[in-house]
J.: 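Let me give you the structure first, and then I'll get to my questions.
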Amino acid sequence: MPELPEVETTRRGVAPHLLERRIKAVTLRRPALRWPIPEQISAELPGQRIDAVRRRAKYLLLDAQSGSVLLHLGMSGSLRVLPQGTPARTHDHVDLLLDNGAMLRLTDPRRFGAVLWQPQGQLHELLAGLGPEPLSADFDGAYLRRRAAGRSAPVKHFLMDQRIVVGVGNIYATEALFRAGIHPARPAGRISAARWERLAGAVQEILAQAIERGGTTLRDFLNPDGEPGYFEQELFVYGRAGQPCKVCGGTLRAADWGQRATVYCPRCQR
Ligand SMILES: [Zn+2]
């Protein structure tokens, strides 16, 4: 599943090809992906210029004059910039045709992705109530500590709550808690200021490294046969239950809290 670093790398990969381009036409090969594609996409968007390509959480926003196209890659979506006329294959659902002979193509085999519309001056309901971006100045240990005050929920759940901070999925939460030495089941309200600071730093470091690594796959955005880039990470704990901890040599343990399995080191994380 594309996580925040993949979405940010996608943004950086496609933005130079889209900025200042006018959308000439839109080709929809299905009326809906995860949700119906709103009529503004084919009725209102053509003729408009793309002024900015932004990311909020795992959504990409293409800012035009009367509103923004909201794109989500779901479980399996990817975007590519291709010459117009490139034959569409089974899972190529949406093309935005640009005024320079190129097009932005959305491919999504599982169709959990989304193409939505946010009218100028409004905030789409999917973007309302989201917490800060983890790589922004609004996100630090003091912020986490303030939000966690009095909460008994496990810190891992707290960290994956999009209302607290966006874009910290299971892999990144698991790895950041390990690096910060915090047990994933520890109640969020019972963590010291210094440990929150370490945790915020670990989240930022891991996401920034993943984005940096993604830079090497940028050429795939121009390759119709390229696989969407999911980044190889150096993982300390995620997916390593039963294996030795890379730091202390002890056996990593898996536990099930809520819907997701989590892996941690009982010696390094408290
Ligand atoms: Zn350990």
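Residues: numbered from 1 along the sequence shown. Atoms within a ligand are numbered from 1 in the order they appear, just like the ligands themselves.
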J.: Do Ile164 and Arg151 have side chains that get closer than 4.5 Å, going by heavy atoms?
T.: yes
J.: Please check if the number of heavy atoms outside Arg145 that lie under 6.0 Å from its CZ is greater than 12.
T.: no
J.: Strictly by ring-ring contact (aromatic ring centres under 6.0 Å, His included), give each pair with a member in residues 31-59 just once, sequence neighbours left out.
T.: Tyr59-His72
J.: Does any N or O in the side chain of Glu197 come within less than 3.5 Å of the main-chain N or O of Gly141, such that one atom is a donor and the other an acceptor?
T.: yes
J.: Listed by chain and number, what are the side-chain hydrogen bond (donor to acceptor under 3.5 Å, both in side chains) partners of Ser136, not counting sequence neighbours?
T.: none
J.: So which pairs with a foot in residues 91-100 pass salt bridge (Lys or Arg N to Asp or Glu O under 4.0 Å), sequence neighbours left out?
T.: Arg21-Asp99, Arg29-Asp95, Asp92-Arg105, Asp95-Arg105
J.: Excluding waters, which protein N, O or S atoms are within less than 2.8 Å of the Zn ion (ligand 1)?
T.: Cys245 SG, Cys248 SG, Cys265 SG, Cys268 SG
